[in-house]
2 protein chains.
Amino acid sequence: MTTLTAAGIEPLFRLLGRYMPLEEEDRAALMGLETGPICIRDPRHDIAREGENPSVVRLLVSGWACRYKDLPDGRRQIVGFFLPGDFCDLNIYILKELDHSIGALTAVRYFEIQPQQFQSVIEDRPQLLRALLWHEMVCSGIQREWLLSIGQRSPLERLAHLFVELYYRLSAVGLATGLSFDFPITQNHLAEANGLSLVHLNRTLQEMRRERLIELSDKQLRINDLDRLKRVAMFNSNYLHFDRPTVGAAPARRNPSP
Amino acid sequence: MTTLTAAGIEPLFRLLGRYMPLEEEDRAALMGLETGPICIRDPRHDIAREGENPSVVRLLVSGWACRYKDLPDGRRQIVGFFLPGDFCDLNIYILKELDHSIGALTAVRYFEIQPQQFQSVIEDRPQLLRALLWHEMVCSGIQREWLLSIGQRSPLERLAHLFVELYYRLSAVGLATGLSFDFPITQNHLAEANGLSLVHLNRTLQEMRRERLIELSDKQLRINDLDRLKRVAMFNSNYLHFDRPTVGAAPARRNPSP
DNA sequence: CCTGCACACTAACGCAGATTAGCGGCGCGA
DNA sequence: TCGCGCCGCTAATCTGCGTTAGTGTGCAGG
């Protein structure tokens with residue numbers, strides 16, 4: 001058993017800092033969490049499967065993962081993305097069985113933390129419990145927004161909305177450089193997240209490029225005109241509940257080193 | 001200020017009882033919550049609007065309500081139903097601003113409870129906090145399932161799935177009689193919840209009737225063959241996390257008296 | 001009484017988006 | 001070095017579903 005590395009939880013610090021001010025003691029308490037060695041998973045490798053009863057909380061350090069659900073006949077829906085700084089399933093505290101699966105979309109690195117590790121942290125620093133619950137509720141709000149997207153927004157609007165959302169979330173953890181960021185997932189993943197066929201997703205992507213809304217190549221996404229993209233998406237950032245401005249607005253390394 | 005009525009809180013008891021055994025002291029603690037007089041709202045009347053900062057927790061006693069989100073151009077998506085026994089937005093504990101609206105779908109009756117009222121209840125009976133969090137997480141799971149439905153299931157499968165879900169949830173609070181239950185909402189509401197046009201929803205409903213899956217008229221829904229309906233919907237009840245069987249399996253009055 | 005409105009339901013039409021098929025480039029392992 | 005599979009991309013076809021426009025019924029209000 002070891003503890004978290006400073007670079008490893010930097011995204012988490014930044015994220016929680018968007019919700020409320022973090023004091024030095026809060027950071028110290030989080031740094032004190034004991035964990036196993038850092039885990040590494042390949043893309044397309046599942047981290048957890050529906051029906052399992054995982055006994056650890058996972059903190060994503062680098063790479064992208066997702067929550068997904070699938071049907072017996074193979075249809076698959078990605079219901080959320082995990083970005084660095086996100087906990088995968090804090091809810092194992094309460095629920096016994098996973099009602100969805102968790103998969104890696106790229107190579108990922110994460111820490112595994114025993115739930116009881118949080119106990120003392122929360123007792124010492126009740127504000128941290130608040131921050132963690134806050135994050136859970138934001139995740140829930142994001143799901144509501146996705147429901148609105150898939151149910152009502154056109155494919156173009158939907159995709160635009162997702163890109164703006166990811167831009168906000170990646171900025172929050174210091175992984176955007178200006179209006180550009182690493183975008184390591186495939187068009188197939190995008191299609192699965194948006195309830196579109198691969199072909200149609202590609203068409204929509206072409207249209208966005210034609211409209212000069214974005215540039216996407218070599219796993220890099222660049223937003224050309226954020227305001228216009230937000231207008232197209234009818235984007236309202238309230239559901240992210242980032243009550244405090246991005247601290248530092250740092251020029252941000254692409255990959256936090258281990 | 002008064003306290004909850006016995007009949008008013010019965011659905012909540014039944015619901016929490018599906019998650020874990022409720023002791024007499026738990027019931028007593030909940031009954032002790034102080035509340036304002038019971039509120040009454042007409043259908044189509046909003047209970048709360050996006051952007052507001054509500055300072056009360058609402059406990060639905062009778063009637064159906066919904067969470068919804070809308071876009072500036074009027075498109076609307078219902079992202080969840082509230083049935084008797086449900087709390088509308090426990091999350092005001094943490095989040096300051098509502099990122100969605102809450103609307104009445106029928107005439108509804110509910111209690112308004114001050115958040116601080118929960119404080120002592122939770123301190124006395126920590127299991128109740130657990131039950132309330134559990135319910136929040138189930139709501140979150142339901143949203144994920146809806147995402148899967150809207151993203152991947154065909155309209156027929158989607159509708160079938162929703163009906164089975166509502167059957168389970170209504171049974172849990174004692175509002176189903178065998179395979180029948182009050183179904184007080186309009187086809188328009190169903191369309192808005194399923195991301196379908198009204199016309200197409202109607203077509204799909206006809207198809208379900210033709211296939212003898214359900215009967216629906218006079219605001220009463222009857223499931224003709226639950227197993228077949230579940231098969232069509234590819235329904236897996238795990239996401240509801242009802243760990244304990246329905247208690248009593250009571251023949252259940254339709255409308256709990258005030 | 002008629003008027004107006006909400007609601008369930010239907011028909012005709014057209015398009016958005018699924019499906020199937022196939023292209024070329026690239027990285028990887030044999 | 002040559003496959004082989006993944007990935008981005010495109011074209012042709014067909015259909016599910018949205019749109020528009022209606023009908024009929026029941027009910028509340030003037």
Review point. Do B:R203 and D:dG16 share a donor-acceptor pair, side chain to base, under 3.5 Å?
Key: no
### Query
Between B:Y110 and B:F82, is the gap from one ring center to the other below 6.0 Å?
no
Side-chain atoms of B:K219 come closest, of C:dT10, C:dA8, C:dT19, to C:dA8
- Run the salt-bridge test on B:E192 and B:R75 with the 4.0 Å N-O cut-off and return the result as yes or no. no
In whole angstroms, the gap separating P of D:dG8 from NE2 of A:H200 amounts to 17 Å
Here the gap from B:E145 atom CD to B:L162 atom CG, rounded to the nearest 0.5 Å, amounts to 11.0 Å
Taken to the nearest whole Å, CG/B:N188 to P/C:dA8 is 8 Å
Rounded to whole Å, CG of A:L190 lies from C1' of D:dC7 at a distance of 13 Å
> NA contact type, B:L196, heavy-atom cut-off 4.0 Å: base, sugar-phosphate, or nothing?
Replying inline: sugar-phosphate
- C:dT10 phosphate, OP1 or OP2, under 4.0 Å from B:N202 side-chain N/O: yes
Here the distance between atom P of C:dA16 and atom CG of A:L156, to the nearest Å, is 13 Å
Would you say A:R158 reaches C:dG17's phosphate, i.e. side-chain N/O to OP1/OP2 under 4.0 Å? no
Here the distance between atom P of C:dC7 and atom CD of B:E192, to the nearest Å, is 11 Å
With the side chain defined as heavy atoms from C-beta on, A:Q206 is closest, among C:dA18, C:dT10, D:dC9, to D:dC9
| field | Aromatic contact, A:Y239 with A:W146 (centres under 6.0 Å) | value | no
Check: How would you label the contact of B:T186 with the nucleic acid (heavy atoms, under 4.0 Å): base, sugar-phosphate, or nothing?
Finding: sugar-phosphate
**Study point:** Electrostatic pair A:R169-A:D86, nearest N-O below 4.0 angstrom
**Key:** yes
When rounded to whole Å, the CG to C1' distance for the pair B:L216 and C:dC9 reads 13 Å
Among C:dA11, D:dC17, C:dT19, the one nearest any side-chain atom of A:V199 is C:dT19
